[in-house]
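Structure record follows, encoded as structure tokens.
Quick note: numbers below take in every heavy atom, side chains included, and nothing from hydrogens, waters or symmetry partners. Computed from a predicted structure; not experimentally measured.
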Amino acid sequence: MRRTFFLMAIPCLLAMPFLTAGKANAQVSLEIEGHASFALDELSSLADGTGVGGLVAITYPIQNADMLSLVGKIGFNHYGSKAGDVFTETGSLIPIDSPYQGIPITVGARLYYGEQRPFYVEGLVGLEIKRGDLDQDTEIESLTPHPVLSIGAGYAVSRRLALIASLGMSKDLWRYGNLGVSYRFRK
């Protein structure tokens, strides 16, 4: 029940900027991001270490703080897969071909700096719904939500296009880096 509540509450939080944009005279922006995902630490020993992903972000500038925006993101990352055989408790061998994927749902803040605001840093917290054989000793893939912290940075190449980098950290040494590009639909 609690899991269902959180999965329903996060999209509502992400929709808040759209609901309040007209009242605050602020400009809400929608961004899409494509990136390469690199598994780090324990995740790199589970997955093959490289993959792809994408995010949709909503940014909401705070009026009194010219260089600060609220950010909400939801996305999908594929970190790779694991193929091989695992021994069970009974001593039998089970073949495993498990993908390792995550659905991060995060909110946080973005701080712009520079004369034309080309650089930014951001910090986000939320949930990541993980998929994969997380225990390494069962044949059943699990789908579990865990808290996630993400820090990132970006550089605007043009009004709409930016280069991005981020680091995501979650429970059980589930860490990954993302490098890619972001496209903003509304400035």
Side-chain angles (χ1 to χ4, degrees), residues 2-38 51-79 101-131 143-171 174-187:
R2 192 179 334 168
R3 190 178 295 171
T4 305
F5 172 75
F6 282 116
L7 291 177
M8 291 173 50
I10 295 296
C12 293
L13 289 173
L14 293 175
M16 287 303 290
F18 286 119
L19 299 175
T20 60
K23 298 173 186 165
N25 293 326
Q27 218 173 21
V28 176
S29 296
L30 179 67
E31 299 174 8
I32 59 168
E33 175 183 312
H35 55 256
S37 291
F38 303 96
V52 295
L55 292 167
V56 174
I58 298 170
T59 60
Y60 178 74
I62 297 176
Q63 280 195 318
N64 296 337
D66 187 33
M67 300 173 74
L68 188 65
S69 293
L70 297 176
V71 180
K73 291 185 176 186
I74 186 168
F76 177 80
N77 290 323
H78 176 78
Y79 307 110
Q101 301 166 336
I103 301 171
I105 305 168
T106 56
V107 294
R110 181 181 287 178
L111 177 65
Y112 294 92
Y113 58 95
E115 189 172 314
Q116 298 292 328
R117 296 176 20 152
F119 299 100
Y120 68 83
V121 293
E122 64 185 14
L124 304 154
V125 295
L127 292 175
E128 181 158 12
I129 303 167
K130 302 174 184 178
R131 177 179 177 233
L143 187 66
T144 55
H146 289 270
V148 66
L149 169 69
S150 177
I151 55 173
Y155 173 72
V157 177
S158 69
R159 259 184 82 217
R160 299 189 183 272
L161 192 65
L163 302 174
I164 56 96
S166 65
L167 175 67
M169 298 168 278
S170 186
K171 186 179 173 185
W174 184 283
R175 294 188 175 102
Y176 55 91
N178 294 331
L179 292 174
V181 295
S182 173
Y183 182 81
R184 178 177 286 194
F185 285 100
R186 184 175 171 189
K187 185 75 174 160

Under 3.5 Å, is there a donor-acceptor pair between the side chain of R160 and the main chain of F185?
yes
Please round to the nearest 0.5 Å and tell me the distance separating atom CD1 of I74 and atom CD1 of I105.
4.0 Å
Straight-line distance of E128 CD to W174 CH2, nearest 0.5 Å
6.5 Å
Partner residues of [X] under the side-chain contact (heavy atoms from CB on, under 4.5 Å) criterion, sequence neighbours left out:
X    : result
S150 : L124, S166
P147 : none
H78  : F76, P99, Q101

Kindly determine whether Y120 and V71 satisfy side chain to side chain contact (heavy atoms under 4.5 Å, CB included), including the steps that lead there.
CA-CA 12 Å; Y120 68 83; V71 180; over 6 Å; no
Taking all atoms of both residues into account, what is the closest heavy-atom pair of N178 and S37, and its distance?
OD1-OG, 2.8 Å
Inter- and intrachain pairs under salt bridge (Lys or Arg N to Asp or Glu O under 4.0 Å), touching residues 143-155, at least two apart
none
Residue pair [X] / [Y], side-chain heavy-atom distance below 4.5 Å:
X    : Y    : value
L111 : M67  : yes
L70  : I62  : yes
I58  : K73  : no
I129 : T144 : no
V56  : L30  : yes
Y113 : V121 : yes
K130 : Y79  : no

Residue list, side chain to side chain donor-acceptor pair (under 3.5 Å) with E33, at least two apart or on another chain:
H35
Begin from the C-alpha positions of V181 and L163 and carry the test side chain to side chain contact (heavy atoms under 4.5 Å, CB included) through to its verdict.
CA-CA 5 Å; V181 295; L163 302 174; 3.8 Å; yes
Who are the salt bridge (Lys or Arg N to Asp or Glu O under 4.0 Å) partners of R175, not counting sequence neighbours?
D41
Would E31 and T59 satisfy side chain to side chain contact (heavy atoms under 4.5 Å, CB included), going step by step from the backbone distance to the final call?
CA-CA 8 Å; E31 299 174 8; T59 60; 3.6 Å; yes
